[in-house]
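Written below as structure tokens is the structure these notes are about.
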Amino acid sequence: MTSQISKKGLEDFRRRQFAGPNVVCGSSDEILNNTATTTGPTKGLPDARRVIIHFDVDAFYAQVEEVRDHSLRHKPLGITQKYLVVTCNYLAREAGVTKLMAISEAKKKCPHLILVSGEDLTPYREASKLIYGALKIYGPAEKLGMDEVYVDVTREVQMRIDRGAMDNCWHGHVHCARNGVTSDNIHRPMDLRASAADPAVSQTGGAGAVETGCRLRLQVGTAIAREARAALARCPGFRSSAGVAHNKLLAKLVGGLHKPDDQTCLPADEASAFIAPLPVRAMAGVGYKTERQLQDAQITTVDQLRCLPLDQLSKLLGARVAQFLSEAARGRDARPVEEKGPPQSISVEDSFKACSCFSKVETVLRVLAPDLLRRLVQDKEEFGRRATTLRVTWRHQGAKRASCSSPMPQEVALQGMAVAHKVQAERPHAAGLPEMCSVDLRAVPLISSRGAHR
DNA sequence: TCAGGAGATAG
DNA sequence: CTATCTC
Ligand SMILES: Nc1ccn([C@H]2C[C@H](O)[C@@H](COP(=O)(O)OP(=O)(O)OP(=O)(O)O)O2)c(=O)n1
């Protein structure tokens with residue numbers, strides 16, 4: 001009910017500043033005290049010894065289009081899918097356009113907004129590969145979606161320290177929790193921004209005291225992040241933001257604080273005060289449902305989460321989520337950076353004005369099926385894999401999605417139609433019944449066929 | 001979740 | 001298969 005981070009008014013403005021580190025409980029140095037160890041590439045190292053960088057390309061689709069067509073640069077640009085501006089460049093954002101805004105609204109905010117269709121994701125997938133390739137040279141890398149990459153640079157950091165290849169400089173911003181953070185879009189509390197910096201406490205890089213131990217490791221991490229972002233800007237040609245911290249959770253949380261085209265480091269002793277005032281929804285993993293459940297228990301911020309005993313949290317959210325959140329609320333996150341390899345499924349989907357006539361569904365399937373098959377052929381050429389199962393998912397207006405699977409058929413479109421007919425036959429034919437408004441074809445799992453590669 | 005489109009993972 | 005979450 002109350003205390004939505006999305007409410008209006010003064011009280012909310014204050015809350016939206018997430019600034020006051022009025023930590024209710026928990027010490028301020030959980031991370032340094034943490035003795036948990038991780039598995040994977042840096043297995044055996046205490047959490048605080050890792051150096052993790054989270055990279056996020058700014059306004060990804062928009063930058064891809066700007067690189068493809070230089071005439072789009074220096075103009076407000078929106079990328080569309082159906083009637084949505086799915087993302088836009090930062091010139092458009094200055095004019096008030098936001099991610100996932102309706103085209104009509106975006107045009108009102110910014111009449112000169114240039115629109116480019118982003119319905120074909122192929123160029124973005126290609127760009128994504130280049131980005132990943134450029135970043136993975138710094139250490140084990142994990143791709144999240146198309147434009148984000150975690151890199152565990154612990155070894156690279158250690159190597160530089162061993163060689164004495166340090167410059168004793170902090171690169172980019174070093175976050176100070178006293179400066180607080182906000183969210184520029186009230187509907188997106190996960191997109192954090194640093195509040196106006198207090199010059200007395202803010203730090204924007206440069207040299208200072210000679211650092212040692214964990215601080216030195218992070219400092220070297222900021223040099224690596226700067227180099228990597230410079231490389232990205234030169235070769236594939238994308239500006240990006242980055243977060244440098246001791247684990248994935250914190251690196252991602254601070255990574256966007258000085259977006260666009262800048263980086264932020266979070267020293268271990270700032271972590272607790274930094275996350276305490278954040279809304280729980282800011283943490284990746286806390287979505288719509290979890291936020292609501294926590295709200296029902298009067299929990300909206302991370303420090304409130306800290307105060308709830310684990311067993312009570314488990315009853316609310318289940319043991320797994322509770323365990324993760326309990327750690328996360330204290331700034332701890334032992335999840336390793338994992339190299340995932342190629343995707344395990346390929347899907348194509350289209351939505352349309354609700355329609356029960358089969359001709360529409362058939363028309364859509366006759367486009368989707370060849371699209372899917374093309375991508376499967378490409379995947380086979382690239383990775384020597386094939387799919388065993390076809391899953392058809394559909395949605396009726398106002399209803400939840402439903403799906404059914406079958407062995408991968410010869411004729412994908414025909415299988416889709418068969419499913420559509422079966423679904424229709426099983427529905428009562430009452431007038432005014434909601435009609436189908438989206439279909440999705442998914443090939444899964446993608447497994448190596450014998451004699452592949454090589 | 002008001003939308004579009006893709007992918008992962010838990011139960 | 002469904003629910004939830006992510007970008
Ligand atoms: N619900 C979503 C979220 C993201 N994307 C796509 C469009 C984005 O360009 C890309 C990356 O998502 P981000 O959330 O990182 O957003 P941007 O990179 O566009 O902008 P920002 O500079 O805020 O990171 O993924 C999408 O299609 N649908």
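The ring-ring contact (aromatic ring centres under 6.0 Å, His included) contacts involving residues 90-141 of chain A comprise A:Tyr61-A:Tyr124, where partners must be two or more places apart or lie in separate chains.
Here A:Ala284 lies in heavy-atom contact (under 4.0 Å) with sugar-phosphate atoms only. Counting any heavy atom pair closer than 4.0 Å across all strands shown, A:Gly145 reaches no nucleic acid atom. A:Met190 comes within contact range of no nucleotide atom at all, as no heavy-atom separation falls under 4.0 Å.
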May I have the list of side-chain donor-acceptor pairs in residues 347-354 of chain A shorter than 3.5 Å, sequence neighbours left out?
unit_1: A:Ser347; atom_1: OG; unit_2: A:Arg442; atom_2: NH2; d: 3.4
unit_1: A:Asp350; atom_1: OD1; unit_2: A:Lys82; atom_2: NZ; d: 2.9

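Under 4.0 Å is where a charged nitrogen must lie from a carboxylate oxygen, and between A:Asp303 and A:Arg306 no such pair does. Checked for salt-bridge contact, A:Lys129 and A:Glu382 meet the test: a charged N lies under 4.0 Å from a carboxylate O. Checked for salt-bridge contact, A:Arg375 and A:Asp379 miss the test: no charged N lies under 4.0 Å from a carboxylate O. Checked for salt-bridge contact, A:Arg193 and A:Asp184 meet the test: a charged N lies under 4.0 Å from a carboxylate O. No salt bridge links A:Glu105 with A:Lys108; every basic N to acidic carboxylate O contact stays at or beyond 4.0 Å. Between A:Asp56 and A:Lys252 there is no salt bridge, since none of the side-chain N atoms of the basic residue sits less than 4.0 Å from a carboxylate O of the acidic one. A salt bridge is defined here as a Lys NZ or Arg NE, NH1 or NH2 lying under 4.0 Å from an Asp or Glu carboxylate O, and A:Arg391 with A:Asp440 fails to meet this definition.
Distance A:Leu317 CG to C:dC5 P: 10 Å, rounded to the nearest Å. Per the geometry, CE belonging to A:Met146 stands 9 Å off C1' belonging to B:dG7, to the nearest Å. Look at OH on A:Tyr61: it is 11 Å from P on B:dG5, rounded to the nearest Å. One atom, CZ of A:Arg188, and another, P of B:dA3, lie 16 Å apart when rounded to the nearest Å. One atom, CG of A:Leu294, and another, P of C:dC5, lie 10 Å apart when rounded to the nearest Å.
The shortest distance between the side-chain N/O atoms of A:Thr290 and the OP1/OP2 oxygens of C:dT4 is not below 4.0 Å. Distances shown here put every side-chain N or O of A:Ser403 at or beyond 4.0 Å from the OP1 or OP2 atom of C:dC1. For A:Arg281 and C:dT6, the shortest distance from a side-chain N or O to OP1 or OP2 is below 4.0 Å. Residue A:Lys400 places no side-chain N or O under 4.0 Å from the OP1 or OP2 atom of C:dT4. Residue A:Ser351 places none of its side-chain N or O atoms closer than 4.0 Å to OP1 or OP2 of B:dA3.
Within a heavy-atom distance below 4.0 Å of DNA chain B, the residues of residues 115-132 of chain A found are A:Leu121, A:Arg125. Listed by residue number, A:Gln81, A:Lys82, A:Tyr83, A:Leu84, A:Val86 are the residues of residues 79-90 of chain A with a heavy-atom contact under 4.0 Å to DNA chain B.
Note on ring orientation: taking the six-membered ring where Trp is involved, the planes of A:Phe238 and A:Phe60 are perpendicular (angle over 60°, cut-offs 30° and 60°). Between A:Phe358 and A:His421, the ring planes lie parallel to each other; the angle is under 30°, not in the 30° to 60° tilted range.
Remark: A:Val157 pairs with A:Val51, A:Val153, A:Ile161, A:Arg217, A:Val220, A:Ile224 by the side chain to side chain contact (heavy atoms under 4.5 Å, CB included) rule, at least two apart or across chains.
The side chain of A:Arg395 lies closest to B:dA3, out of C:dC5, B:dA3, B:dA6.
Of the P atoms belonging to C:dT2 and B:dC2, the separation is 22 Å, rounded to the nearest Å. Going from the C1' atom of B:dT1 to that of C:dT4 covers 12 Å, rounded to whole Å.
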All N/O contacts under 3.5 Å from nucleotides 8-11 of chain B to the protein, with atom names and distances to one decimal?
unit_1: B:dA8; atom_1: OP1; unit_2: A:Gln344; atom_2: N; d: 2.9
unit_1: B:dA8; atom_1: OP2; unit_2: A:Ser345; atom_2: N; d: 3.3
unit_1: B:dA8; atom_1: OP2; unit_2: A:Ser345; atom_2: OG; d: 2.8
unit_1: B:dT9; atom_1: OP1; unit_2: A:Lys340; atom_2: NZ; d: 3.3

